[in-house]
K.L.:
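Got a structure for you, written out below as structure tokens; questions coming shortly.
Residue numbering restarts at 1 for every chain, and letters A, B, ... go by the order of the sequence lines.
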Protein chains: 2
Amino acid sequence: MADGITDRVRPRDRILETAQDMFHKHGIKGVGVDAITEAAGTNKMTLYRHFESKDELIVQCLRASAAKGAAIWGEFEAEHPGDKLAQLHAWVHKVAETLATDGRGCDMANAAVELTELDHPARSVIKELKGAQRDRLVALCRDAGIGQAELLADTLSLLFEGARVSVQTMGCQGPSTQFVRMAEGLISSFRAR
Amino acid sequence: MADGITDRVRPRDRILETAQDMFHKHGIKGVGVDAITEAAGTNKMTLYRHFESKDELIVQCLRASAAKGAAIWGEFEAEHPGDKLAQLHAWVHKVAETLATDGRGCDMANAAVELTELDHPARSVIKELKGAQRDRLVALCRDAGIGQAELLADTLSLLFEGARVSVQTMGCQGPSTQFVRMAEGLISSFRAR
DNA sequence: TCGGATAGTTACAGACCGGTAACACCCTAG
DNA sequence: CTAGGGTGTTACCGGTCTGTAACTATCCGA
């Protein structure tokens with residue numbers, strides 16, 4: 001086949017990347033380890049040499065997915081160095097772009113919906129990663145000079161989360177198209193106080 | 001056993017009720033038809049005599065779940081006859097109560113996350129039922145005399161949806177506790193315009 | 001009392017699931 | 001050249017899944 005990728009990238013990374021993509025598109029319970037390894041150009045034994053179970057693979061995928069999301073914050077700082085308010089607006093527009101282009105929701109939220117066992121190893125990881133997400137947004141709001149930074153950050157968080165779900169229930173032409181208007185309205189409303 | 005319920009309620013209704021409850025708690029893909037029929041005090045053959053497939057059962061559960069949600073709107077009208085603004089506030093508090101007591105999200109949203117096949121029979125039903133939900137809230141906002149009724153209704157919808165997801169990712173002590181403050185702030189902000 | 005509809009029981013088909021065993025292979029470091 | 005770690009292959013285990021077949025038991029209305 002001369003895949004190019006198959007040759008140079010190590011199997012573990014191919015599996016992690018492929019699993020992330022397939023979990024995202026088809027859901028965690030909708031994808032079996034056989035399908036993952038086949039799509040990654042490898043086999044089940046190799047997967048189980050690098051991950052002790054499917055649950056462990058799920059956890060690593062969630063961490064990788066969250067890390068990608070966190071990396072975007074570097075772009076905001078690079079594009080608007082020091083201007084925290086501009087970075088907040090950049091976040092709003094980045095969210096809108098995501099809503100318009102990605103028909104599936106947040107990997108962590110989706111995983112929380114699918115993995116209902118209260119003691120599932122992924123649940124504590126999801127809580128940890130979601131907490132970190134929230135903390136970043138709170139810090140950005142505070143540094144942007146907004147009074148009730150926590151309340152604004154939480155409101156924007158829930159709005160974002162809801163919009164990502166709405167895309168899945170009502171399509172990308174539904175209420176989520178109004179996200180920018182809602183978010184900008186909230187920001188200016190909080191700044192006015 | 002002398003269940004009481006098992007004797008008087010017909011198997012079809014017992015299956016529908018039990019399936020709703022189990023899908024809600026454990027997710028759709030987390031529950032098999034065998035488990036449903038056993039919990040409903042019946043058997044698989046009887047299920048397949050009343051529902052042509054699990055997918056069909058899922059659709060009927062979603063419709064039943066949505067109908068229960070819609071029934072609550074009657075209470076709002078009964079408690080505050082004619083006072084649409086009071087009914088809107090009643091909706092807000094009802095949502096907050098749901099967030100505090102139900103650790104799982106909206107059945108339709110959860111189903112949309114789990115059933116990723118674009119042509120799954122439940123997807124169009126979810127869209128239809130979610131659209132009806134939205135329309136009711138828009139009508140309530142408009143009848144309450146709010147100018148940008150659609151925008152407020154959509155904002156409240158997304159906030160609600162996001163809060164229900166947040167309960168699943170961060171627990172009921174997370175950002176969702178602020179829902180009432182957020183919603184009331186939005187309503188008074190829209191009324192001021 | 002009888003007949004038909006409804007419901008329960010057992011067994012099974014065929015597919016898929018996560019996970020493992022045993023063995024052959026190949027590439028690279030020494 | 002060689003030894004060994006990483007990888008690929010095949011086959012398999014026990015379990016679960018949706019869905020069906022064939023038969024039996026029960027209840028209700030005429």
Side-chain angles (χ1 to χ4, degrees), chain A residues 1-20 22-23 25-62 111 114-117 119-123, chain B residues 1-20 22-23 25-62 111 114-117 119-123:
Chain A
M1 293 284 180
D3 233 332
I5 286 179
T6 311
D7 299 344
R8 309 211 167 269
V9 182
R10 296 179 87 74
R12 184 182 193 282
D13 298 325
R14 270 151 45 203
I15 291 170
L16 205 54
E17 201 70 25
T18 308
Q20 258 182 270
M22 295 184 75
F23 285 154
K25 285 181 185 157
H26 311 297
I28 290 174
K29 300 206 179 177
V31 178
V33 291
D34 268 320
I36 294 171
T37 53
E38 190 189 336
T42 176
N43 54 75
K44 200 156 48 167
M45 273 313 304
T46 301
L47 186 154
Y48 280 103
R49 285 187 191 111
H50 290 287
F51 305 93
E52 72 170 4
S53 66
K54 184 185 181 182
D55 283 348
E56 170 69 17
L57 175 61
I58 292 167
V59 168
Q60 296 304 326
C61 282
L62 290 176
E114 286 202 82
L115 309 175
T116 59
E117 305 102 325
D119 60 345
H120 193 288
R123 294 200 73 87
Chain B
M1 293 281 181
D3 232 330
I5 285 181
T6 312
D7 299 344
R8 308 209 170 272
V9 182
R10 298 179 82 76
R12 184 181 193 281
D13 297 326
R14 269 150 47 203
I15 291 170
L16 205 54
E17 202 69 27
T18 308
Q20 258 182 271
M22 295 184 76
F23 285 154
K25 284 180 186 157
H26 311 297
I28 291 174
K29 301 207 178 177
V31 179
V33 290
D34 267 321
I36 294 171
T37 54
E38 189 188 337
T42 177
N43 56 75
K44 201 157 44 166
M45 273 313 303
T46 299
L47 186 152
Y48 281 103
R49 284 188 192 110
H50 290 287
F51 306 92
E52 71 171 2
S53 65
K54 184 183 181 182
D55 283 348
E56 171 68 17
L57 175 62
I58 293 167
V59 167
Q60 296 304 327
C61 283
L62 291 175
E114 286 201 81
L115 309 175
T116 60
E117 306 102 324
D119 61 346
H120 193 287
R123 294 200 73 86

K.L.:
A/I15 CD1 to C/dG18 P: how many Å, rounded?
P.N.:
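So the CD1-P distance, A/I15 to C/dG18, works out to 14 Å.
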
K.L.:
To the nearest Å, give me how far apart CD (A/E56) and C1' (C/dG18) are.
P.N.:
15 Å

K.L.:
On DNA chain C, check which nucleotide each of A/G30 and A/E52 is closest to and give me the residue with the more 5' one.
P.N.:
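Its nucleotide being nearer the 5' end, the pick is A/G30.
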
K.L.:
Check whether B/K29 reaches the backbone of A/I28 with its side chain - one donor and one acceptor, N or O, closer than 3.5 Å.
P.N.:
no

K.L.:
Would you say the side chain of A/R49 and the base of D/dG8 hold a donor-acceptor pair, judged only by whether the two atoms sit under 3.5 Å apart?
P.N.:
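Indeed there is one.
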
K.L.:
Can you tell me the distance, in whole Å, between the CD atom of A/E38 and the C1' atom of C/dG18?
P.N.:
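Whole-Å distance recorded here is 17 Å.
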
K.L.:
Taking NZ from B/K44 and P from C/dC12, how many angstroms apart are they, rounded to a whole number?
P.N.:
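In whole Å, C/dC12 P and B/K44 NZ are 13 Å from each other.
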
K.L.:
At less than 4.0 Å, is any side-chain N or O atom of B/H50 found next to OP1 or OP2 of C/dA7? Yes or no.
P.N.:
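It does, given that an N or O in the side chain of B/H50 lies less than 4.0 Å from OP1 or OP2 of C/dA7.
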
K.L.:
Measure from CG on B/L57 to P on D/dC17 and round the result to the nearest Å.
P.N.:
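Those two atoms, CG and P, are 15 Å apart.
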
K.L.:
Is there a side-chain polar atom (N or O) of B/T42 under 4.0 Å from OP1 or OP2 of C/dG8?
P.N.:
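Yes, such a contact exists.
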
K.L.:
Atom CG of A/L47 and atom P of D/dG8: how far apart are they, to the nearest Å?
P.N.:
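Result: 11 Å.
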
K.L.:
Start at the 5' end of DNA chain C and walk down; is the nucleotide closest to A/D34 or to B/R12 reached first?
P.N.:
B/R12

K.L.:
Got a donor-acceptor pair under 3.5 Å from the side chain of A/K54 to the base of C/dG19?
P.N.:
no

K.L.:
Send over the distance from B/I36 CD1 to D/dT18 C1', rounded to a whole Å.
P.N.:
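Rounded to the whole Å, the gap is 11 Å.
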
K.L.:
Would you indicate which nucleotide in D/dT7, C/dA7, C/dG18 comes nearest to any side-chain atom of B/T46?
P.N.:
C/dA7

K.L.:
Decide yes or no for A/L57 and A/I36: does some side-chain heavy atom of the first lie under 4.5 Å from some side-chain heavy atom of the second?
P.N.:
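Of all side-chain heavy-atom pairs linking A/I36 with A/L57, at least one is under 4.5 Å.
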
K.L.:
Tell me: CZ of B/F51 to C1' of C/dT6, nearest whole Å?
P.N.:
15 Å

K.L.:
Between B/I58 and B/L115, does a side-chain contact (heavy atoms from CB on, under 4.5 Å) hold up when you go through it step by step?
P.N.:
CA-CA 10 Å; B/I58 293 167; B/L115 309 175; 4.2 Å; yes

K.L.:
What's the closest nucleotide to the side chain of A/P11 if the choices are C/dG18, D/dT7, C/dA22?
P.N.:
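Within the option list, the nearest is D/dT7.
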
K.L.:
If you count heavy atoms of other groups shown closer than 6.0 angstrom to CD of A/E117, is the number above 12?
P.N.:
yes

K.L.:
To the side chain of A/N43, which of D/dG8, C/dT9, C/dA7 is closest?
P.N.:
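Closest nucleotide to the A/N43 side chain: D/dG8.
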
K.L.:
Considering only distance and modelled atom types, tabulate donor-acceptor pairs under 3.5 Å from the side chains of residues 46-53 of chain B, sequence neighbours left out.
P.N.:
unit_1, atom_1, unit_2, atom_2, d
B/T46, OG1, B/N43, OD1, 3.2
B/S53, OG, B/D55, N, 3.4
B/S53, OG, B/E56, N, 3.2

K.L.:
Measure from the side chain of A/Y48, starting at C-beta and using heavy atoms only, and say which of C/dA7, C/dG19, D/dT7 lies closest.
P.N.:
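Nearest nucleotide to the side chain: C/dG19.
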
